[in-house]
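Report on the following structure.
Because the structure is predicted, anything quoted here is derived from the model rather than measured. Order of the sequence lines sets the chain letters (A, B, ...), proteins ahead of strands, with each chain counted from 1.
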Amino acid sequence: MQKIRTRIAPSPTGDPHVGTAYIALFNRCFAHQHGGEFILRIEDTDQVRSTEKSERDILNALNWLGLSWSEGPDVGGRCAPYRQSERSALYSSEIVKLLNSGHAFRCFCTADRLQELRTRQMAEKVSVGYDGHCLTLTEEQVAQKLNDGVEHVIRMRIPQSGDCIFNDMLRGEIRINWQQIDMQVLIKSDGLPTYHFANVVDDHHMEISHVIRGEEWINSTPKHLLLYQYFGWEPPIYCHMPLLRNTDKSKLSKRKNPTSIGYYRDMGYLPQAVVNYLGMMGWTMPDGREMFSVAEMIDHFDLTRVSLGGPVFDVAKLDWLNGKYIRETLSNDEFMQHFAAWAFRPDKINDIIPLIKDRVERFSDVVPLAGFFLAGLPEINEASFDHKKISADDSKKILQFTLWYLESLRKFDRTSIEASCMTLATHLDIKIRDFLFPLFVAISGKGVSTSVIDSMSILGLDITRARIRHAINVLGGISNKAAKELEKDFRDFAQVAE
RNA sequence: GUCCCCUUCGUCUAGAGGCCUAGGACACCGGGUUUUCAUCCCGGCAACGGGGGUUCGAAACCCCCAGGGGACGCCA
């Protein structure tokens, strides 16, 4: 039997997401249970959004959770490189095969034409997709355009009729009509492959035997299968996992939930508790045990026993589990060590000391002054926001705008946070000291504390976001209607600011 | 809108046609232990989306409907 190899293929375009960890966990368990290998590949074909920092953060986060891999960009391996941006030569040589066999074609359509086409299809209520315009080009026309250096992409051909039938490990037979499938772009005009192309080429060359991924990919599986067929390669076995959900059942998102693994680390969760919790999303130990390690999970794992209803990520249950781990698995000594390592991270403490030193007369002043750096959500209520100039509604608006603005920052540091607050205060025509008041309350729990801008940069975006959101909720939250108006306001402002 | 996937307590889930009067856990409520609180222990509340079949028998199999979710990018 072929060796089992699975992979996690994150895209370094944002914070390390718990959904990534969830899929990584199941891939790793499946591979290891069968004596196979679990590898990590970075899918950074989006030049605009991919960042080195994000890649670093994702690797760190997965390592923190103990979800290690045997091959990857950091550890190498026989299929190196493991970063798609370093595999361009391979994609270039592979795409030529499809071009030569006629399974792929060059498309010179402009973004404008495509947009117009999409709009028309929407209006006519037919399914949207590429109309095959460039398929009619003669060889001479194509040669001419290439000669003229016209920007273009490469698309794949799709059968006109019939069904694509494939088997999903969990869901059985899935049948999708080819007419539903668009002539997917394989190579973008920047010369880099799209996910669909790079993914298939790499999975083949990296000998991936089982593709375990989120169910959001079901509809594009026909394209992937077709590529395997065009190349004459044997496709992997597919397994589409259910998606983690918000409380309202929508796909887990940072707008509604803390989704960053960094948040759980900074809030003082134990990595083994977080992984354990992810392991009980869609899966249970055969004996019903709820507390188990990854090693125990691997011993008893059965991928086909995954249940398909999208599990709601319930922080309350995670809290219970984490408490259980702290109480039942840590000795007093281990508790001390873990707590100290968490609370006194040198980088963090080094930044905090200068903020409090001038304000301290005795060491006993430190906790009242800096305790909020180590706390979760501050204990605040509506009255905490009483202010002679800033109303509760003003506070909500300031908090929400700040949150949106901070989330759009490429870099979350002192300087950019300060600049953001200044810009927003000016725009809202509020004095900066008044503007910062609700932020002081949201972040430190009090109207007076160490510099709130420094505090936010030390706490990091994950915790800052959670506290600001908590403050908005304490103030009664924002109704859908109000949110719409605020969003419009903010968009107008953001345009001016740019 | 089109297509695809899904559907057991509020939430995570057990359930492979008779062991189901549907089990466990979180949350919630009540009680006990504890100088308080928490922990811990005991108890309670609470679900098979609806309708048709198949079968001696359906939570489980089939069909229809409804609801939820996802996809429809030169994002992944």
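- For the side-chain contact (heavy atoms from CB on, under 4.5 Å) with A:F108, the lone residue among A:D148, A:L146, A:V153 that qualifies is A:L146.
- With both ends at atom C1', the span from B:rU8 to B:rA46 equals 12 Å, rounded to whole Å.
- B:rC28 atom C1' lies 16 Å from atom CG of A:D319, rounded to whole Å.
- Remark: the separation of the C1' atoms in B:rA16 and B:rC4 is 26 Å, to the nearest Å.
- Residues from residues 323-332 of chain A that place a heavy atom under 4.0 Å from any atom of RNA chain B, listed by number: A:R327.
- To the nearest angstrom, P of B:rA16 lies 17 Å from CG of A:L308.
- Spacing between atom CG of A:N322 and atom P of B:rU39 amounts to 14 Å, rounded to whole angstrom units.
- The CD-P distance, from A:E173 to B:rC4, rounds to 12 Å in whole Å.
- If you take CG of A:L252 and P of B:rC12, they are 13 Å apart, rounded to a whole angstrom.
- Under the salt bridge (Lys or Arg N to Asp or Glu O under 4.0 Å) criterion, A:E487 pairs with no residue, sequence neighbours left out.
- In this entry B:rC29 has B:rG43 as its Watson-Crick or G-U wobble partner, both defining distances falling under 3.5 Å.
- Distance check on atom C1': B:rC63 versus B:rG24 gives 33 Å, rounded to whole Å.
- Judged purely by atom type and a 3.5 angstrom limit, A:H338 uses its side chain to pair as donor or acceptor with the backbone of A:E334.
- In this structure, B:rC61 forms a base pair with B:rG53, meeting either the Watson-Crick or the G-U wobble geometry with both donor-acceptor distances under 3.5 Å.
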Contact string for nucleotides 64-76 of chain B, one letter per nucleotide 5' to 3', B = base within protein heavy-atom range under 4.0 Å, S = sugar-phosphate only, - = neither, reads ----SSBSSSBBB
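- Among residues two or more places apart in sequence or in another chain, the salt bridge (Lys or Arg N to Asp or Glu O under 4.0 Å) test is passed with A:R83 by A:E55, A:E86.
- Taking the P atom of each, B:rC29 and B:rA38 are spaced 11 Å apart, rounded to whole Å.
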Nucleotide N/O to protein N/O under 3.5 Å, stretch nucleotides 24-26 of chain B:
from: B:rA25; atom 1: O4'; to: A:E290; atom 2: OE1; distance (Å): 3.2
from: B:rA25; atom 1: O2'; to: A:E290; atom 2: OE1; distance (Å): 2.3
from: B:rA25; atom 1: O2'; to: A:K317; atom 2: NZ; distance (Å): 3.4
from: B:rA25; atom 1: N3; to: A:K317; atom 2: NZ; distance (Å): 2.9

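- Sorted by first then second residue, the side-chain hydrogen bond (donor to acceptor under 3.5 Å, both in side chains) pairs that include residues 100-110 of chain A, not counting sequence neighbours, are A:R106-A:H152.
- For residues 195-214 of chain A, every residue pair satisfying the salt bridge (Lys or Arg N to Asp or Glu O under 4.0 Å) rule, not counting sequence neighbours, is listed here: A:R7-A:D203, A:R41-A:D202, A:R41-A:D203, A:R78-A:E207, A:R87-A:D202.
- Here the separation of B:rG1 from B:rG57, taken at their P atoms, is 40 Å to the nearest Å.
- With hydrogens and angles disregarded, no donor-acceptor distance shorter than 3.5 Å links the side chain of A:D44 to the backbone of A:S11.
- Every residue meeting the salt bridge (Lys or Arg N to Asp or Glu O under 4.0 Å) condition with A:R113, not counting sequence neighbours, appears here in chain and number order: A:D131.
- With both pairing distances under 3.5 Å, B:rA38 is matched to nothing as a Watson-Crick or G-U wobble pair.
- When the C1' atom is compared between B:rU33 and B:rU39, the two are found 11 Å apart, to the nearest whole Å.
- Atom name C1', nucleotides B:rG10 and B:rC45: the rounded distance is 12 Å, in whole Å.
- Under the Watson-Crick and G-U wobble criteria, each requiring two contacts below 3.5 Å, nucleotide B:rA66 is paired to B:rU7.
- For the 3.5 Å distance criterion, the side chains of A:S250 and A:N246 qualify, holding a donor opposite an acceptor.
- Nucleotide B:rA14 forms a pair with no other nucleotide shown, judged by Watson-Crick or G-U wobble geometry with both contacts under 3.5 Å.
- Across the protein-nucleic acid pair, A:Y22 atom OH and B:rC12 atom P stand 11 Å apart, rounded to whole Å.
- A search for ring-ring contact (aromatic ring centres under 6.0 Å, His included) contacts involving A:H470 returns nothing, not counting sequence neighbours.
- Near RNA chain B, defined here as any heavy-atom distance below 4.0 Å, there are no residues from residues 260-278 of chain A.
- Using a 3.5 Å distance cut-off with no hydrogens or angles, the side chains of A:R265 and A:S260 do not pair a donor with an acceptor.
- A:W217 and A:H224 have tilted rings, their planes meeting at an angle from 30° to 60° on a 0 to 90° scale.
- Looking at residues two or more places apart in sequence or on another chain, you find a salt bridge (Lys or Arg N to Asp or Glu O under 4.0 Å) between A:D462 and A:R465.
- Between A:E71 and A:R5 there is a salt bridge, since a side-chain N of the basic residue sits under 4.0 Å from a carboxylate O of the acidic one.
- A straight line from CG of A:D287 to P of B:rU13 spans 17 Å, rounded to a whole angstrom.
- If you check B:rA71 for Watson-Crick or wobble pairing at under 3.5 angstrom, you find it paired to B:rU2.
- Within the structure, side-chain hydrogen bond (donor to acceptor under 3.5 Å, both in side chains) contacts touching residues 178-187 of chain A (residues at least two apart or in different chains) are A:Q184-A:K223.
- Considering only heavy atoms from C-beta on, A:F26 comes within 4.5 Å of A:V306 through its side chain.
- When each of A:I218 and A:V306 is assigned the nucleotide of RNA chain B bearing its nearest heavy atom, the one mapping closer to the 5' terminus is A:I218.
- B:rG32 sits 28 Å from B:rC12 when the C1' atoms are compared, rounded to a whole Å.
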